[in-house]
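A short write-up of the structure that comes next.
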Amino acid sequence: MPLSNDPKTLSQAPHPLTPARTGTIPAISSQGTALAAQREKLRLLINSRNPIITVETSEEQRFLEMLAATAQELNVPLYFWSVTEGLGKAGGAALYNSDQPEQALANIATIQGDAIFLLKDFARYCDNDRISRRLRDLADAFRTARRSIVLLAASIQLPSEVAADSAPYQLGLPSSEELLPGVKFVLAEVTRDHALPVALDVAGIGQLAKNLVGLPEEEALRVLRKCVLERSKVDAGLLDDVLEAKREALHTGGLLETMKRDASFTDVAGLQRLRDWIGKRKSALTPEGQRFGLVPPKGVLITGVQGCGKSLAARAVAGEWGYELARLDAGALYDKFVGESEKNLKRALDLAQKLSPVVLWIDEIEKAFASAGSSGDADAGLSQRLLATLLTWMQDREGGVFLAATSNNITILPPEMLRKGRFDEIFFVDLPEAAVRAALFSLHLKKRGRDAAGFDVNKLAVASDGFSGAEIEQAILAGLYTAFNRKQQLSTDVLLEEIHATQPLSVTRAEEITAIREWAKSRAVAAD
Ligand SMILES: Nc1ncnc2c1ncn2[C@@H]1O[C@H](COP(=O)(O)OP(=O)(O)O)[C@@H](O)[C@H]1O
Ligand SMILES: [Mg+2]
């Protein structure tokens with residue numbers, strides 16, 4: 001498909017779009033590691049002579065492309081069957097009298113040598129005794145050659161005797177490398193049909209594909225098409241539009257929520273040691289760092305006193321590294337569908353992997369996993385299985401997902417979660433020192449559009465001994481109300497009044513905070 005060279009429709013930059021896909025089965029580059037791994041799994045299933053392979057997916061086209069490429073690579077002939085078209089090679093004529101399921105199996109039996117037979121929506125016929133018997137006989141005969149029957153459908157329920165002969169293939173969500181050809185195709189098509197300008201280079205288009213990861217291919221391309229049409233051009237702004245649209249389109253049952261990066265460490269006062277730690281590890285993410293042999297970090301657990309910036313710091317990691325931010329709602333794991341909890345967690349973790357590079361933020365992790373430690377709890381069994389799922393994932397996951405967990409009370413977390421090697425580091429966030437309190441006043445005054453130079457922040461810092469960051473922010477908000485009602489400007493004196501009127505948690509819950517500190521002393525690294 002030739003691209004338009006009309007200067008009106010193109011920017012100064014060379015047009016980055018490659019020609020569209022031709023035919024129904026485009027060549028797929030196997031450069032991407034995720035894609036390569038997917039295809040390797042499929043190759044392995046075929047090469048290890050699994051007579052029946054089941055594939056449950058709504059992404060029929062994508063699987064067909066992958067199977068076609070794999071068959072070609074293995075040099076094995078590929079046959080297709082559907083009830084409407086009968087049995088035949090891709091692009092070839094169907095064999096005579098092969099559209100009925102049982103006849104199709106009879107035909108398959110007569111075809112000699114290596115072969116893959118893709119049967120669409122066939123599983124539903126397997127409840128029939130004659131068909132299931134024939135299928136099992138075939139499967140038996142298949143074991144001696146590289147012959148596989150692939151059953152493809154959106155949902156597959158096989159009778160147990162057939163299921164015993166079959167191996168499932170899981171088609172994960174497409175990686176950015178897999179999405180790229182489709183992305184280029186859609187861009188070329190939409191910009192040509194609607195004469196839209198293009199100002200995005202090759203790197204930008206690669207990023208576009210990355211931003212769509214997490215969605216099935218068709219949906220990803222639909223989202224892209226819609227965003228381009230709404231924007232009426234292809235430029236850097238499209239990257240954000242697509243991210244935003246993806247967040248809306250992702251269906252994760254509310255368990256995993258992709259979020260806007262809303263903070264970096266410029267929004268955080270203090271926590272210098274945590275900050276340095278995160279800053280240093282940024283280089284592990286660069287190509288130079290990887291070549292040097294830096295091991296990508298896996299995650300931190302941030303614990304400590306309430307209101308001192310644990311959640312804020314966890315979110316800030318995403319901003320600092322330019323990663324996506326996704327929040328796993330630990331509490332939602334226990335929503336009504338209890339039986340589904342483990343499945344949901346697995347799905348959410350899987351999705352997180354697809355979104356990489358991503359900061360996976362689990363706020364107040366004890367909410368989901370605390371009772372795994374106590375056997376008396378009614379939830380303990382489920383909680384233990386959820387914990388096991390998480391720990392296995394933490395152990396096995398590939399790079400690209402950084403886990404930033406926070407906990408208000410790590411003493412109730414099961415010890416296996418805290419064992420060395422699970423998290424790279426456990427940080428303890430304490431009440432801010434005077435210098436940090438001064439910084440907190442400056443920062444939050446500035447956030448409310450006030451010039452900190454007009455305030456005596458040192459005096460405020462001294463007066464707010466024992467205050468958390470959240471309480472300092474609160475004092476400023478309350479001060480704004482007071483000043484407004486008195487028709488004054490906000491001043492140091494108004495703020496001092498608010499401070500004196502506040503009982504900080506460190507006073508009202510002194511015992512609890514002392515206990516947390518004692519616990520952390522030997523087990524965690526001070527964040528400040
Ligand atoms: N160290 C800090 N630097 C900047 N703001 C802070 C800090 N600590 C607390 N805050 C303010 O208080 C709010 C609540 O803090 P949060 O991170 O939710 O505390 P935690 O998770 O430790 O309970 C933050 O959104 C921020 O506005
Ligand atoms: Mg918090």
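Please read these numbers as outputs of a predicted model, since none were measured by experiment. Whatever order the structure lists them in is the order used to number ligands and atoms, beginning at 1. When a residue number appears, it is its place in the shown sequence, counting from 1.
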**Item:** Proximal ligand 1 atoms for Glu473, defined as those under 4.0 Å from one of its heavy atoms
**Value:** 11 (C), 12 (O), 13 (C), 26 (C), 27 (O)
**Message:** Using 0.5 Å steps for rounding, measure from the OG1 atom of Thr502 to the CD atom of Gln474.
**Reply:** 8.5 Å
**Item:** Closest protein heavy atom (residue, atom, distance) for atom 23 (O) of ligand 1
**Value:** Gly307 N, 2.7 Å
**Complete:** Between Phe427 and the options Thr303, Leu274, Thr406, Asp528, the side chain to side chain contact (heavy atoms under 4.5 Å, CB included) test singles out Leu274
**Numbered atoms of ligand 1 (with element) below 4.0 Å of Leu312, judged on heavy atoms** = 3 (N), 4 (C), 5 (N), 6 (C), 17 (O)
**Asked** Can you list the ligand 1 atoms lying under 4.0 Å from a non-hydrogen atom of Leu440?
**Response** 2 (C), 3 (N), 4 (C), 5 (N), 6 (C), 7 (C)
**Item:** Close approach, His444 and ligand 1, non-hydrogen under 4.0 angstrom
**Value:** yes
**Request:** May I ask you to check whether Thr406 brings an N, O or S atom to under 2.8 Å from the Mg ion (ligand 2)?
**Result:** no
**Message:** Quick check for you: to the nearest 0.5 Å, what is the distance between Phe467 atom CZ and Leu505 atom CG?
**Reply:** 10.0 Å
**Item:** Arg437 side chain vs Ala461 backbone, donor-acceptor pair below 3.5 Å
**Value:** yes
**Asked** Taking the non-hydrogen atoms of Thr406, is any one of them nearer than 4.0 angstrom to ligand 1?
**Response** no
**Side chain, backbone, both or neither: Lys310 near ligand 1, heavy atoms under 4.0 Å** = both
**Prompt:** Are Glu366 and Ser407 close enough that a side-chain donor and a side-chain acceptor fall under 3.5 Å?
**Reply:** yes
**Prompt:** Does ligand 1 have any atom sitting under 4.0 Å from a heavy atom of Val436?
**Reply:** no
**Message:** Less than 3.5 Å apart, any donor N or O on the side chain of Thr482 or Glu497 sitting next to an acceptor on the other?
**Reply:** no
**Prompt:** Between Thr57 and Glu59, do the side chains contain an N or O donor and an N or O acceptor separated by less than 3.5 Å?
**Reply:** no
**Polar proximity ligand 1 side, Ser311 side, N/O cut 3.5 Å exclusive** = yes
**Message:** Using a 3.5 Å cut-off on N or O atoms only, is Gly309 in polar contact with ligand 1?
**Reply:** yes
**Fill in**
To the nearest 0.5 Å, atom CG of Leu328 lies from atom CD1 of Ile362 at 4.5 Å
**Item:** Atoms in ligand 1 with a heavy atom of Ala269 nearer than 4.0 Å
**Value:** 1 (N), 2 (C), 3 (N), 4 (C)
**Item:** Heavy atom of Cys308, distance to ligand 1 below 4.0 Å
**Value:** yes
